[in-house]
Amino acid sequence: MAYCFSFFFRITMATPNYTAQIILLQQEIDEMKADFSENDNAFFLCSMSLIIFLMQCGFAFLEAGAVRSKNTTNILIKNLLDSCIAIVGYWALGWALAFGDCPNDTIGLFVGYSQFFLANFENYPKFFFQYVFAATSATIVSGAVAERCEFANYITYCSVISTLVYPILTHWGWHPKGWMALGITSGVINTHYDDFAGSGVVHLCGGSISLLAAYMIGARIGRFPEDEDDESDEILGHSVPFAALGGFILMFGFLAFNGGSMADIVKPGEGHIVALAMVNTILSGAFAALTYLIAHYLYHGKWTLLLTINACLAGMVASCAGCNKMEPWACIWVGVGAGLIYLTLSRSMIKWRIDDPLDAFAVHAGGGFWGLTSVAIIGHDGVVYAIGNTIGGATNGGDQIAQAFAQLGWQWVCALAIVTWSFLWMWPIFGLLKKIGKLRVSEEVEINGLDIYKHGESAYPLHAYGHGWHDFESAPSSKENHSKHLPVGRKNRIMSVHPEMSLEQLASVYDRSGSVGESDQPKRLFQNQMERRKSRMLEANNSFSNMYLDDNEVPERKNTNPKTVSLQVPTTIVEAPEEETLTTEQQESNWT
């Protein structure tokens, strides 16, 4: 009996507890699913953030192509510093003001006040995603003040926007306790701030500040005539390919800008919403671009490229608010409206004599406001659907219409709050900078360009161009020893810049440099812009060859060293015949 009991006890103890193992296995599976979900969402946010960060490159190319070559380095370093200044400011204060915890519900309606310097914080994917949005909002303004903005002004407004202005706006609209996000609840009315990807808090904010900045800094020299009745002179950018490339990069970035605002990707249906947002984004941009292109052709008879790019961007900006909750057919409404608003505001800026080189106000403020309006009209719970349901016989049709119009009104209230908040911060800052002389560069610096004076770096250094054989040197045959044809002291320096020449003289040489072969026209060096401009006007009339300085106008040149010739004044260069072999003394004689 004892033996049987012992055997039964051993069998019982050896039998595994399948119930406990199943429970433990289920717990492990749940942990793995949670871990995979967290990692997938983090990877999704980081991937979208990297593409949005690439939009900084798009802004850089677009703005560089839209300005004159003498200001290219200046606009590029501003786009570089946008990213650097924004990350420091958003790390130190911006995140805390935007999404920090708010134990006090009253204060929490307006601002967050925890997690400064990311203390006790671990959600880095969300921080990085919000940072690239902050950098985008600050970048918008640089296009409106291009070619005349003082560097101290730029650093100031970029720091304030990315650290204070934009973060507090995002707290109002995107934090669950923000006053715009909470909205108004009364009876059947329940409003909230509806802005999926930042038509308001990002683009309307940046566009509004762009208007204020362009107005306070004033127009570029020569942009508008003294007589208001005269037609405005357009100041053209130096590179259409650069601007077009920047536009394409921004279009690509907007797909992630809107699609990535979903923030999650693992829950059922979220991938569908991301794809819908991307489709609506590109459709809205396309309708805006086509609308503007046709309107411009009907008015001017030309198929414009640069302005069509801007119109496309305005359509994408307008899609940000409701790209996740409108059907693709609604993009016709969003895109066409954005294109027409961009057209109206762009022309209005010229009429108001406010110089906005990149149309930042028309693109971002116009598109942003239209986006906030459109989502309340054409979204799934908007005015159009409410009216349609009422016509279709819905029992609560009246309540739906009331809710839809209340939501539309709340969107406008929020838009007004965004513009007002932006102005209240930036108006005194720009005013102070203007008073101390740090708002705008001097007239001399603006005329000659910011690149050399402010940065000491030319975007297109003259010594990097040309064929290597200067206009005042005859090109030896490739079969001969080149060095024996060069004057004393010039050996091994065929490709170098001549230090005894002034920048203006060197520019005039390369300005007309062609192939190595002989030219039918004599070469001319100019000392000032007036001479060059006069020469070009005569060239247009095929009379350049008849334009020379009188002999008595040419000051006598002194040659103190027979081995070194100093070119200090304009001169007509006589090039040696191709077959003739010249001695060193003869070549030096030709130079003079």
For this session: Could you tell me whether F423 atom CZ has more than 12 heavy atoms of other residues or ligands within 6.0 Å of it?
Result: yes
For this session: Can you measure from CE (M55) to CD1 (I52) and round to the nearest 0.5 angstrom?
Result: 7.5 Å
Exercise. Take atom CZ in F151; do more than 12 heavy atoms of anything else shown fall under 6.0 Å from it?
Worked result: yes
Exercise. With distance as the sole test, does T163 use its side chain to make a donor-acceptor pair with the main-chain N or O of L93 at under 3.5 Å?
Worked result: no
Problem set entry | salt bridge (Lys or Arg N to Asp or Glu O under 4.0 Å) partners for R220, two or more places apart | E147, D355
Exercise. Does R148 reach the main-chain N or O of A146 with its side chain, forming a donor-acceptor pair under 3.5 Å?
Worked result: yes
Problem set entry | For the student: nearest non-hydrogen atoms of A98 and H171, plus distance | O-ND1, 2.9 Å
Exercise. Can you check whether V363's main-chain N or O pairs, donor with acceptor, with D359's side chain at less than 3.5 Å?
Worked result: no
For this session: Side-chain contact test, heavy atoms from C-beta onward, threshold under 4.5 Å: evaluate it for I217 versus N153 and give yes or no.
Result: yes
Exercise. How far does CG of L424 sit from CD1 of I429, to the nearest 0.5 angstrom?
Worked result: 11.0 Å
Exercise. With a 4.5 Å heavy-atom cut-off, do F369 and L372 have their side chains touching?
Worked result: no
For this session: State, yes or no, whether a side-chain contact exists between M262 and N324 at a heavy-atom distance under 4.5 Å.
Result: no
Problem set entry | Side chain proximity check, I265 to N41, heavy atoms < 4.5 angstrom | yes
For this session: I would like to know whether F44 and D264 meet side-chain contact (heavy atoms from CB on, under 4.5 Å); could you show each step before the answer?
Result: CA-CA 7 Å; F44 172 73; D264 295 333; over 6 Å; no
Problem set entry | F133/F129 under ring-ring contact (aromatic ring centres under 6.0 Å, His included): CA gap, chis, key distance, verdict | CA-CA 7 Å; F133 270 53; F129 187 79; 4.9 Å; yes
Exercise. Take atom OH in Y215; do more than 12 heavy atoms of anything else shown fall under 6.0 Å from it?
Worked result: no
Problem set entry | With F99 via ring pair (Phe, Tyr, Trp, His ring centres under 6.0 Å) - residues at least two apart | W95
What side-chain donor-acceptor pairs closer than 3.5 Å can you find for residues 201-214, not counting sequence neighbours?
from, atom 1, to, atom 2, distance (Å)
H203, ND1, H364, ND1, 3.1
S208, OG, L204, O, 2.6
S210, OG, G206, O, 2.8

Exercise. Pairs in or reaching into residues 244-263: which pass side-chain hydrogen bond (donor to acceptor under 3.5 Å, both in side chains), with residues at least two apart or in two chains?
Worked result: N258-T281, N258-S319
Exercise. When rounded to the nearest 0.5 angstrom, what is the spacing between CG in L54 and CD in Q56?
Worked result: 9.5 Å
Exercise. What heavy-atom pair brings A134 and Y90 nearest, and what distance separates the two atoms?
Worked result: CB-CD1, 3.8 Å
Exercise. Which pairs count as salt bridge (charged side-chain N to carboxylate O under 4.0 Å, His left out) when at least one residue sits in residues 448-459, sequence neighbours excluded?
Worked result: E150-K454
For this session: Check whether any side-chain heavy atom of Q130 lies under 4.5 Å from a side-chain heavy atom of Y166, and answer yes or no.
Result: yes
For this session: Hey, could you give me the CZ/CD1 distance between F361 and I140, rounded to the nearest 0.5 Å?
Result: 12.5 Å
Just list the side-chain donor-acceptor pairs under 3.5 Å for residues 74-82, sequence neighbours left out, or say none.
from, atom 1, to, atom 2, distance (Å)
N74, OD1, K78, NZ, 3.1
N74, ND2, H455, NE2, 2.9
N79, ND2, E63, OE1, 3.0
N79, ND2, I75, O, 2.7
D82, OD1, Y154, OH, 2.9
D82, OD2, T139, OG1, 3.2

Seminar exercise, completed: Between G100 and S114 the two heavy atoms that sit nearest each other are C-OG, 3.3 Å
Seminar exercise, completed: Of all heavy-atom pairs linking M426 and Y157, the shortest is CE-CB, 3.5 Å
Exercise. Closest heavy-atom contact between I249 and C57?
Worked result: CD1-SG, 3.9 Å
Problem set entry | Residue pair A362 / L345: nearest heavy atoms and the distance that separates them | CB-CB, 3.8 Å
For this session: Would you please name every residue forming a side chain to side chain donor-acceptor pair (under 3.5 Å) with Y297, sequence neighbours left out?
Result: none
Problem set entry | Listed once per pair and sorted, the ring pair (Phe, Tyr, Trp, His ring centres under 6.0 Å) pairs that draw on residues 59-87, sequence neighbours left out | F61-F242
For this session: Might you work through the side-chain contact (heavy atoms from CB on, under 4.5 Å) test for I155 and I85, ending with a clear yes or no?
Result: CA-CA 8 Å; I155 294 177; I85 294 174; 4.2 Å; yes
For this session: Report yes if some heavy atom in the side chain of I161 is under 4.5 Å from a heavy atom in the side chain of S137; otherwise report no.
Result: yes
For this session: List the steps and the verdict of side-chain contact (heavy atoms from CB on, under 4.5 Å) for I354 and R223.
Result: CA-CA 9 Å; I354 300 177; R223 177 64 178 92; over 6 Å; no
Exercise. Is any side-chain heavy atom of R68 less than 4.5 Å from a side-chain heavy atom of S239?
Worked result: no
For this session: Start with the C-alpha gap between T373 and Q411, add the side-chain angles, then the distance that decides, and say whether side-chain contact (heavy atoms from CB on, under 4.5 Å) holds.
Result: CA-CA 7 Å; T373 302; Q411 293 287 96; over 6 Å; no
Exercise. Taking side chain as C-beta onward, heavy atoms only, is N120 less than 4.5 Å from Q115?
Worked result: no
Exercise. Is the number of heavy atoms from other residues, nucleotides or ligands within 6.0 Å of CZ (F53) greater than 12?
Worked result: no
Scan the side chains in residues 302-316 for donor-acceptor partners under 3.5 Å anywhere in the protein, sequence neighbours excluded, and list what turns up.
from, atom 1, to, atom 2, distance (Å)
T304, OG1, L307, N, 3.4
T308, OG1, T304, O, 2.5
N310, ND2, Y342, OH, 3.2

Problem set entry | Separation of S348 OG from D356 CG (nearest 0.5 Å) | 12.5 Å
Exercise. Which value, rounded to the nearest 0.5 Å, describes the distance between D101 atom CG and F121 atom CZ?
Worked result: 10.0 Å
For this session: Could you tell me whether the side chain of N71 and the main chain of V67 form a donor-acceptor pair under 3.5 Å?
Result: no
Exercise. Would W174 and T170 count as a side-chain hydrogen bond (donor to acceptor under 3.5 Å, both in side chains) if you check the C-alpha gap in whole Å, the side-chain angles of each, and the deciding distance to 0.1 Å?
Worked result: CA-CA 5 Å; W174 285 344; T170 55; over 6 Å; no
Exercise. Does F117 have any ring pair (Phe, Tyr, Trp, His ring centres under 6.0 Å) partners at least two apart in sequence or in another chain, and if so, which?
Worked result: W91
For this session: For residues 418-443, pull every pair meeting side-chain hydrogen bond (donor to acceptor under 3.5 Å, both in side chains), keeping only residues two or more places apart or in separate chains.
Result: R440-E446
Problem set entry | Test of ring centre spacing under 6.0 Å for F116 and Y113 | no
Problem set entry | F196: ring pair (Phe, Tyr, Trp, His ring centres under 6.0 Å) partners, not counting sequence neighbours | none
For this session: For this output row, return yes or no: ring centroids of F257 and F254 closer than 6.0 angstrom.
Result: yes
